[in-house]
Structure formats: C-alpha cells, structure tokens
Amino acid sequence: MSELSLSQDAAPAQKPSRIRMALRKPGFMVGATIIGISTILALFPGVFAPYDPNFIDYTAVRQPPSWLHPFGTDLLGRDSFSRVIWAYSVNMQMAVLATIFALIIGVVIGALVGYYRGIADMIFGRVVDAIITFPFLVLVIAVVAVLGPGLVNMYIAITLVGWVYYARLMRAEVISQMGNDYASAGIVMGYSDLRIIFRHLLPNAITPIVVYWMTDMALAILLGSSLGYLGLGAQPPQAEWGVLIAEGRNFITTAWWLSLMPGIAIVLTGLGFSLIGDGIADLLRPRG
Amino acid sequence: MTLKSVQTPLLEVSGLCTTFGAGQASIPAVRDVSFCVNKGEVLGLVGESGSGKSVTLRSILGLSRRYGTTTGSVQWCGQNIVETPEAQMRKIRGGEIAMIFQEPMTSLNPLLTVGLQIDETLKAHTDMSSSERKKRAIEMLDVVGIPAAASRLGEYPHQFSGGMRQRVMIAIALAARPRMLLADEPTTALDVTIQAQILDLILSLAQDFDMGVILVTHDLGVVAQTCDQVAVMYAGRIVEQGAVRSVLRAPQHPYTVGLMRSVPENVPPRTPLYSIPGTPPSLLSLPAGCAFAARCTHKSEICETSRPDLVGAGTGRSVACFNQVKSEGGAAA
Amino acid sequence: MAGIQYTLNRLVLMIPTFLLVMIIIFLLVRLLPGDPAIAIAGDKASDADIAAIREKLGLNAPLLAQFWYFLTNTLQGDLGRSILLRAPVLDVILARLPTTIFLAVYAISLSILIAGPLAFLAAVNRGRWQDNLIRAVFQVGLSMPVFYIGLILLTFLAAQLRLFPVGGYGETFWDRMYHLFLPAVTVALYTSAILMRNLRAAIIEVLDAEYVQFARAKGLPSRLILGRHVLKNALISTVTLLGLSIGQLMSGTLVTETVFAVPGVGRLMLEAIFARDYPLIQGLTLTFAVLVSLVFLMTDLFQSWLDPRMRLS
C-alpha cells in the first residue's frame, strides 16, 4: 500500500485587513474608546477638572451631587469630580509603571532562559515556583511593608513579584518559536545568539506578551487601588481612586457617592484594558 | 469482489448537501452527493483533505446537525433519515449504523475503562442483562483480536498500543451488531504494518456480520485492496464513481488520473514524484464552472463556465467531466 | 501503593522550591533600609536592648549562619516573637488561622456554586445569548476590585438594609455562617469570575473532544454523555484551575477581612504592617506560602486520583 502526496489543504480565503477586522469587533472598540478617553483625561486633567482637587472649602463640606459639584464634595469640601479626574493621571500612570518594568525584565530573562535552557532554566523554574507560591498581593504587601508605603515603593514591589509571569510566558513562547524553521536557519547561518533572540525570535514571540500586558494593566489598577485603599500605596491627600474610596469609607451611609464614583472609574478602566486585551487575542488567534 | 445481487441497497444517498455557516460565509462542504451501498459491500470514499468525505459520513449520521444544515435524502430502511428527529437518530447511531474515527487515542474517553465504553453502547441499544453485556464485551474484544480479552475489560485506553486501541474502537462500535459501518480514515494514524491488519479485520467483520461499509480514505492503495466500489470526491462533489477495478484500471476523470499518477509505483530512481499542480479551491469562493478546472490538464472553455453533472459512462460507472479521459490513460491499478 | 509513591515524589520535589521560599522570606526583612535589630526592638529600645537582640538573632554572625538559624528555628516552630501582641508569632497566627480558613472554604464553596453551573450553561450554549450575557456579567465582575465589591455589599446589605451584620465573627457555626456570608460572597464573586472563564473554556474543550463525538456517534443519550463523559473530564480541569486560583483567593480574603473587620490572619497582616511588627510579618508571609503549597499538593493528588493516566506514570 502506498501513500499519495495529497497533502494540500484548501487554499485560505483572502483575509480582510487585521485593522479593519478589529474595527468591526464591538468589544475591542468599546475598550479602545474607554482607554482612549482615560488617556486623554490622564494627560490633561486640568482641562477637564472644573476645580483644583486640593482646594479645601469648609463651607461646602459633604455636599450631595449637584450641578455645581457633579460628584458632590468630600469631608474637606473638595470637589469629588475633580479629584476623580485628577486621579486618572495617577491611576493610568500606575497601570503603565507597575507593569512596564516587569515586562522588560521578564521578557529579557524569559528569552535568555528559553534560548539557553540548561541550568539557568532549572534555576528559573524553581524561582518561578517559589514566587508563585506566595499570593501576589501578600508578597507585594510584604515588600511594601519593608520598604515603606508610597507609590514608588509600590511599583518596586509589584515589579519584583510580577516579572516572573512575563518571564514564564516569554520562555514558553521562545521555546515554541525555536522549533520553527527560521530559528534553525538562523543558527545554521551562524548568527550571533543575541541577534537571533532579539531580532528574530522576539518579534514573533511578542504577541502573547502584549495581550497579557493589557490584562496586567487592568490588574495593576485593581492592585494599585487596593493598596491605595489599604493605605499602602498612594498616600492621602493624593487623589487616587483607592485613596478616594478609603476617604469616603467613613461616610458610606451618608455620602455614599464619594466612594461609589471612584470605584466606577476603576471598573470602567479595568474593563477597557481587558476588552482591548481580549480583542487583540481574538484578532491574533489563528482562524480555523 | 462480491456478486451484486439485485436487491434494495442497504443505504441509498441522493442529493446530499451539507452547508456550514450562512450567507456570505457559508461553506458548502458536501454538494449533491449520491451513492448506494449494498449489504456486504465496501464503498471507498476517496479525496484530499477538505474534499468533503468526512463530512459526508457525519451527515449520514446526522452528526453535522449542530454545525450546519443537511438536505437531500439518505434512505435507510425505507426512511429518509435526514429528517429523522434526534431521539430516533440516536437509536440508529451505534445500533444500526456505527462509525469509527481516525484517531483512537482521542476518540476513546481516557478516563473510562474499555469495558465500560463497550457496556454503555450495549446498554443504549440492547436489552441485554448486565452479565450478558459483559459476555458480549469479552466476545467483541476477542473477535477484534485482543488477547486475554476478559482481563483487559478493566483497563484504560492509554494502556493499549495504537493498533490495539483501534481494535478496541472497532469492538465498541460493532458491539450492538449494527448493519452498517462508517469508517473515517481508520488506518491513517497507524503504522503501515498495522494498517493491513486493521483493514483485514474490518473486512472480515463486515463479512461475518454481513454489514455494508463506507471507508473514507485519502489512500488509493487502501481502496484498491479493500473496496468493491469507489467514489472520488473533490471540493464537496463526487467526480467519479464505479467499481474499483474498473475505475482504477481506467480512470476517466482527470482528477482521478492525477491521483493515480501520484502513486509512486514502478518509478525509476531519481524521477521527480508527480503531484497534481495547484491546490483545491477554497469552499468559501468556489468557481462558477468545474471546481477542478484550474488544475486540470484536459480543460476546455466550457469547463470554466458550467459545472459538469455526474453522468453514466459505462456499466455501473459515472463521471462528472466534459472531457473524460479515454481508456488508454491512467496508470495500472 | 502507587498513591503513596506519588505523594512522596511530590513532597520531595517541593523541597528545593520551599528552600527558595525560605530564602525569599529571609531576604525580605533584610531588605529593610537600616538595622533590622532596631526595627525589631522597636523605637523605645535602649542600646543594650538592641545589642541583646542583635546577639539573640545572631545578626553578628555571617549571613549564611543567620539563614541557618532562621531555617532551623522555623522548622522547630519558633517563628519569633510578635512585638505588637507580645506573644510567640506561631501562637498568634494559629489563633487566627481557623477564621481565615473558614472564610476561604466558605468562599470557595460559594464560587463553585456560582461559577460551576453558569460556566456549564455558557459552554453548552456557546456563542448564543446565554453565553454572551454570562460572559459579559462576569467580565464586569472581574474588573471590580474586591474591596469595592465588599464595600458595596457592606453598605447596602448590611448598613442600609440591615440584612447582615456589619462585621465580627459570630459564635456558633450557623452564627458564623451568617456573619461571614457577606465577606464570603465578596471573595466568591471575584474568584468565581476567574473560575467561570477558565471552567467555560475547559468544558468547551471537552465538548469538542473527539471522544464526545464518538459517544454521540454511538447513539448515547445526551444526558449520559454530559454526565459521564463531559463532567468527569471537566472536573479534572476544574480542580486544577481551583488550585491555581488559590493565590487570588487568599489575596481576596486578605482585603475582605479588612473591609469587614473579620479577625483572621489577613487582617492581622495589615495590623502587623502598620505596627512594623517584622517577626509577625515574616511569620504570616510564611503561613500564606505554606497554605498555597498545601493546596497545590492537594490539587495534584486529587488530579492523580481522578485521572488514571497520571496514576501509573
């Protein structure tokens, strides 16, 4: 019995441009809109906030929402709406700064470990196991406990813990890409290791990293605001959503809007990043 | 080759069409397929991946209903089972018409014992008592050639080798003594040496149980060795049909000719192997005329504008082509 | 017996990881800017006290020796002494641990109850409105921080409507179930969002599996297919996923205990942080790591029990 060389698959239909496909997906567009608006608010809070967020006015303490103060005022008479807007800079900055360094460190380490394997890989495996044995928040809080509360320390803490997730992802991608022909071709052609890693493997392996980064930014905002609420992240009187919610906590029955509105901002922004992440993931998933 | 007595065919398919998706994104996987299978006969469905052969089998059993719509007629015991509601179809599936799949490792539930997987078929289709079922299960494992059958009832699929697993799948499928077996590339995932054994097993079981068999494969060699009738499919349609000897000895459709030529037999060393140039068309954008026209060496103008119907071309043969290849063409079977 | 062999294997594999865990905890306090002895002794200690503590903690010894003391002490159960509560750390933790475990188990049960059937419903109706609705709702839930959910539940259900107590722990079992209902729901809502998404994917994977196709081709009734073929296979993935979400669960528990003033180890951690009670912080971090490891181990064992393929390897 003999095999036939009938291996051709059906020819793929013409793929519409990726960007056009992205524009058609409602989830992605909603996410992109939310993040777009959030970014603008973060970059130009002064333009959109009607009042100075730190302006204390004892005559207008704990006012309910009104035309003058859409989100009411807090216990020091500061305009809640302005504070929420100004918090956009802090929280969006949080999303980026808490993730980008973990990403860079994780990607580099993951790529190196995935490429060279061997002992480095074994050690890496143990380190990853050890770090993920701690609940993320617990380890971050512990590091913050030691370094002291504050935004910068929070970024350091999150980066110290978060890099493993990027590294693990990158390593897996690199290993799987190494199986591809273009990688073997590079090795055979004698390209230097670094060149193979960074100019060839990396661009192909980067896509799941970007998808994860989006989700991570959503998580960073959740984590950062949780720490702000607990008093371990941004410190009052800085306007940060978690801090604002904590400030409103004592008046939860009388002036519940003070805690509610910043929370909605958190949810919206988190949703925005998640939707973009999902959208990108859908886009890049092979059709079939 | 079995003598075909004049009898009503066991299974008669006519005008079967299955389409997935809808509107612009509709995929006509099976288009106007017709054939019959008699008792004790083996029909081979041959074609490349994407030709619609697997979907045809699934459409016969109504397994494609979830994903697409099937129209046409599949006559089984005087009923058109395309229309039969699910509840009745379930009785037919496994009980009267059985199907086996290509990859036995993934087709058997890894968490359940082999004995249980046979038992549940028997429970669903027969009235046998629990001890009778156990007896039948051992019997089936025996019949398919598993040594020490009784002791292996309690084992799990991963404890069997590839060829043995396929035998187990056959045992499960035939446990309730169906009258027809649909085999979807049963030997593709197996070693060449095991392939022969499994095919022999299927053939002998078909004879013993007096079943009709439809064997789907992309391997003409398998067809030559096991089938009585063959239907060649391309882009969802049957392009040539007839008795195996006759079709393979003198193929009339250019596609069949191409397939025969691709079989590397009696080829002097260092000769480049032949493969049909081009690729099958995407089912999303089928051409107006003959689907094979783009790759055909015999095409003429009419081929690109109108689709050839399957017409008779000799005793018991039919071909869908405007420019049939005459008898001197084609490699020896 | 294969089971014991497997368990022992797993335990042995955990050792190097755990060693690293200890190293991380050890280094944690050493990250402190300044002198750990001063930190541990407190602001009001005299120089003599500080020197004594330094001696006791072996801070004058080389780093490796310090680590050795730390390791041996911990293994003997000596986790140091809490500055805040003036009692051995181990005792303090053990006193509050049952509360947190109760809350965690309560939350896991609730999240399985919520996520399980809904994930099933979504998977079976993939692409249709039930699926999309469920996924959308949970997507929103995933974007809500745990403390926010807790705060909302606390405000409306406890403070405003007075359906549930505002805080505290309760005495009897049922009293406890009542008091801890809101905190458990809070944690459960977040965990079930993650669980639902992963479970749905796992069930879809099973539904698409070839052996389910084969079962259908055998003409088996749907309920049997779902119950026997789909469920058992999906259960394995569920257990694995639950195990993986334990970290999230504990993080959620920590925050929730704070919002609802539940006297568990989570809230203790925060109290320790604000009091700069480093021995306690160290002990608590270790506790969390141990809990998570135990859960991972149990998940692995459960999985091997369910899946015959793993048993024999």
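What you see is a predicted model; the values in this text were computed from it and never measured. In what follows, every heavy atom counts, from backbone to side chain, and hydrogens, waters and symmetry copies are set aside. Lettering of chains follows the sequences in order, A, B, ..., and the numbering in each one begins at 1.
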Ranked by heavy-atom pairs below 4.5 Å to chain C, first place among V138(A), I141(A), D129(A) goes to V138(A)
Derivation and outcome, side-chain contact (heavy atoms from CB on, under 4.5 Å), residues Q139(C) and L275(A): CA-CA 9 Å; Q139(C) 177 77 306; L275(A) 286 173; 4.0 Å; yes
If I take atom CG from residue L142(C) and atom CG from residue L222(A), how far apart are they, to the nearest 0.5 angstrom? 8.5 Å
Considering all heavy atoms of both residues, which atom of T17(C) and which atom of A130(A) are nearest to each other, and what is their separation? CG2-N, 3.5 Å
Close contacts, residues 239-246 of chain A versus chain C, judged by heavy atoms under 4.5 Å: G242(A), I245(A)
F134(A) side, atom CZ; S251(C) side, atom OG - distance, nearest 0.5 Å: 12.5 Å
Heavy-atom pairs under 4.5 Å with chain C - which of A218(A), S225(A), G270(A), P149(A) has more of them than the others? S225(A)
Side chain from CB out, backbone as N, CA, C, O: work out which of these in M144(C) comes under 4.5 Å of a heavy atom of chain A, or both, or neither. both
Give the C-alpha distance, both sets of side-chain angles, the deciding distance and a yes or no for side-chain contact (heavy atoms from CB on, under 4.5 Å) between L139(A) and F288(C). CA-CA 9 Å; L139(A) 199 53; F288(C) 280 108; over 6 Å; no
Pick from G247(C), G141(C), S143(C): which one has the most heavy-atom pairs with chain A under 4.5 Å? S143(C)
Contact part of V127(A) toward chain C, heavy-atom cut-off under 4.5 Å: side chain, backbone, both or neither? both
Quick one: does any side-chain atom of R249(A) pair with a main-chain N or O of V259(C) as donor and acceptor, under 3.5 Å? yes
CD (E205(C)) with more than 12 external heavy atoms under 6.0 Å: no
Is the shortest heavy-atom distance from the side chain of P135(A) to the side chain of V292(C) under 4.5 Å? yes
Would you give the length of the straight line joining atom OG1 of T133(A) to atom CD1 of I246(C), rounded to the nearest 0.5 angstrom? 12.5 Å
More than 12 heavy atoms of other groups within 6.0 Å of L75(C) CG: yes
Y148(C) and L260(A): which non-hydrogen atoms are nearest, and at how many Å? OH-O, 2.6 Å
If I take atom CG from residue L230(A) and atom CZ from residue F274(C), how far apart are they, to the nearest 0.5 angstrom? 7.0 Å
Nearest 0.5 Å please: distance from the CG atom of L219(A) over to the CD atom of Q248(C). 7.0 Å
Against chain A, work out which of V295(C), T285(C), I281(C) has the most heavy-atom pairs shorter than 4.5 Å and name it. T285(C)
